[in-house]
2 protein chains.
Amino acid sequence: MPTVSRRSAATARWHTAAQVLAVMRQHPGISRAAMAQRIGLTRGLATEVTARLRAAHLLTEEPAPLSGRGRPTTVLRPHPEGPVVLAVHLRHEEWHCAVAALDGTLGTVDIHRHDTGSPDGRSPAAVLDAIRRTVEQTYERYGHRLRAVSLAAPAAIHSGHLAQASTLGWGPVDTSVLTAGLGVPLLVGNDATLAGVAEARTGAAVTAGTALHLIVEVGVGGTLTVDGHPVTGGHGAAGEYGHLPFGDRTLACPCGARGCWDLEVDGRALARHLGEPEPGDPRRHALAVLGRTDDSAREAVAAVAASLGAGVAALVNAHDPDIVTLGGLAIPLRRAAAFGVAYRDGLMSLHRADPATIVDAVHGDDGPLQGAVVLGLDHATSEPAIADWADRHRSR
Amino acid sequence: MPTVSRRSAATARWHTAAQVLAVMRQHPGISRAAMAQRIGLTRGLATEVTARLRAAHLLTEEPAPLSGRGRPTTVLRPHPEGPVVLAVHLRHEEWHCAVAALDGTLGTVDIHRHDTGSPDGRSPAAVLDAIRRTVEQTYERYGHRLRAVSLAAPAAIHSGHLAQASTLGWGPVDTSVLTAGLGVPLLVGNDATLAGVAEARTGAAVTAGTALHLIVEVGVGGTLTVDGHPVTGGHGAAGEYGHLPFGDRTLACPCGARGCWDLEVDGRALARHLGEPEPGDPRRHALAVLGRTDDSAREAVAAVAASLGAGVAALVNAHDPDIVTLGGLAIPLRRAAAFGVAYRDGLMSLHRADPATIVDAVHGDDGPLQGAVVLGLDHATSEPAIADWADRHRSR
DNA sequence: CGTCTTATGCTCGGGATCCGAGCATAACTG
DNA sequence: CAGTTATGCTCGGATCCCGAGCATAAGACG
């Protein structure tokens, strides 16, 4: 049901201002003149809006480097006292975090290893405690300037919380402790989903309206994005493409279903094809097999690449993306000839004349962190959030 | 990439007015007071906006039936000289059409059978000619009041045209002839997609944010809708869920791929399970088998229902819809016990605690027509379209 | 070196939307 | 018939947007 939500004048008045900030994010370092032309602002309105944004400590203007004739213009930059977001990327052995300004530029990325010394150093409580301390330090430093904390997690997401993080061995985890009591919103997303968002906004799919991102590490995850926004489903749990039954129905998946694609495209699948036992670290095993040149390894890679290609084709049939971005082990797997064959064979003839292009993702391991930044800034630059910021700022 | 499109003041000024029309569509016969409360308008603004809409011949107000205390309010109705859209639903043996007013109320639904007397009476040229004549008659009657023509077709859609309509035996067909030269936009959608839109807007999924609609006739089609809008993909070809390879990889599908789900859930599948040759009319055959009570028929139905349930579960895993609406043969197939078992077994354990509810679609055969109405009215009540209408109307 | 061209920023008046407050109106209640 | 209640209408003020005109600062050119 399309919600008819009132955008009251109090927030609507920041509509154009929010557009300006969005352009500043899309093109960091853009000049005021170029911004105005891109949005279609008259020069008078550009003057007014930028003045308003400056007064609200949302941006600053500095003289732009001269280029050609005409009166010099200015470059739009985030205000040094402006809003920031804290992005966190939770991984298997460590977690990364960084503070981002309104144009998406990151501060230093801090890397914290989980405390593997203690027996429960990787327990939810221990990890969340550590992250909470960083959140508190960030809040102490930035105060109300901290407008959102966003978390990318290697977990199935359900209604804003972690439902299951199998690589960490976590069951359901409530993440609200991270910002509880601070009055700062917490945004949570699946790491593969957020990597897809990063590709759609600042990566290999920026020109696409509808983009499909798939990443293979242990199993396969990803997301469909439309105009840079992920299709997240009713509880935010969408994108579990690895649990489509493209595979062998006799194989049970840890997720509870059978025949999952997950089991066909990673190191576990390679080991099966090679007649080896299930590897302890499927990702490391996959890299090893990909580096081998013997026939049995090549055949195993070909089989797995074919499964990947066929699955990608199936998702192109179902979703008709403009582009497919691949990450993780999917990048080397795509190099195998079997991938392309299976991709083309799996397409409906309808798509064969002009199949969706497949490209490598440009964000590597930092895709989820970049996506978390996007998530946080989407919130921080929304019209209500800007209106709220401006109100607070004026009253001080 | 999120497009930063300028909503210039000239169209933005109709933002609130468009909201009023949207509420009038969602709740035909709503009172002005209820509308104002729902959108959050002050009484003064409600007066202004409705006056503007009346002046633009977009709606009329009549005294509302009295209920309780207080000053009587008015009921909002489409203006008798207001915009209309023509919706067309193309089917195998016939095509339906109807004119709809701004609140979605239909005029009479005309049913035209294809001319099966002549050898090429069902050719694209003959059918499009017949529809074109109706479009012209509608245009003669309504003139510029006709704001859009929308077509629901049993075809794969690609970039606004029909790529392949296998039930009609059509290859690629250019539909632009339907409105060429009239200056009326033509909107084209897949019939299953539009049936899903109808369910999401006025049917069984009105309360859901993310809804999955699936319909089984010959093969399976459907769509994912988010807030009532279909996820259409880059070329409008999304929703071909029938061509996900959930089935037997040794079976070739007419679509060009192998192992398509399409082949597992309809009359063709029932015939295969019964050891019969492929039926000429799979839909009729399916109904016949569903009506049988012998063991072999029951087993065939169970096998097909299980395939349907497993596929639905897979799509719930991938898309996390709030609700799944089923249409066509999926409704009786769901009654088989095997469906529910396969559905639950196919879900990730994450979803088992609170699986997406599955319901029957409430629009039957007229779902696609209703969806075409939605498509047309979405266009006709968009802010630019209303601004354009108001401009034309003022200048007369 | 002065003038022209070009691109951009700034100012100001007018039109439009939205809001809030106050008043007017038309039903029901007792 | 007076009081209550819900709603419509009017009006002034705040804000945004637009367009036109003017101001400004650079390069281009003789």
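Because the structure is a prediction, the values reported are computed rather than measured.
Residues forming a salt bridge (charged side-chain N to carboxylate O under 4.0 Å, His left out) with B:D388 (at least two apart in sequence, or on another chain): B:R147, B:R392. Contacts of A:T202 classified as side chain to side chain donor-acceptor pair (under 3.5 Å), with partners at least two apart in sequence or in another chain: A:H363.
Checking the phosphate oxygens (OP1, OP2) of D:dG8, a side-chain nitrogen or oxygen of B:R32 falls inside 4.0 Å. An OP1 or OP2 oxygen of D:dC17 is reached within less than 4.0 angstrom by a side-chain nitrogen or oxygen of A:T16. When the side-chain nitrogen and oxygen atoms of B:R52 are compared with OP1 and OP2 of C:dT17, one or more of them lie within a distance under 4.0 Å.
Surrounding CZ of B:R54 are more than 12 heavy atoms belonging to other residues, nucleotides or ligands, all under 6.0 Å away.
The nearest whole Å value for the distance from the CG atom in A:L45 to the P atom in C:dT11 is 14 Å. Taking atom CD1 on A:I386 and atom C1' on D:dC16, their separation rounds to 16 Å, with Å as the unit. Look at NE2 on B:H15: it is 11 Å from P on C:dC19, rounded to the nearest Å. Per the geometry, CD belonging to A:E48 stands 16 Å off P belonging to C:dG14, to the nearest Å. Taking atom CD on A:E383 and atom C1' on D:dT15, their separation rounds to 15 Å, with Å as the unit. The nearest whole Å value for the distance from the CG atom in B:L41 to the C1' atom in C:dT17 is 12 Å. One interatomic measurement links the two molecules: CH2 of B:W14 to C1' of C:dA16, which rounds to 11 Å at whole-angstrom precision. For the pair B:Q37 CD and D:dT7 C1', the computed distance is 12 Å after rounding to whole Å.
Within the 4.5 Å cutoff, side-chain heavy atoms of A:L53 are placed close to those of A:W14.
For the residue pair B:G371 and B:A198, the shortest heavy atom distance occurs at N-CB, 3.7 Å.
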Report task. Under the side-chain contact (heavy atoms from CB on, under 4.5 Å) rule, what do A:L194 and A:V374 come out as? Steps first, then yes or no, please. Result -> CA-CA 8 Å; A:L194 291 180; A:V374 170; over 6 Å; no
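Residue contacts for A:T73: at a heavy-atom cut-off of 4.0 Å it reaches the sugar-phosphate backbone alone, with no base atom in range.
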Report all interatomic pairs (protein N or O, nucleotide N or O of nucleotides 20-27 of chain D) with separations under 3.5 Å.
unit_1, atom_1, unit_2, atom_2, d
D:dT24, O4', A:R71, NH1, 3.3

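With B:D322 contributing its side chain and B:A211 its backbone, the two residues share no donor-acceptor pair below 3.5 Å.
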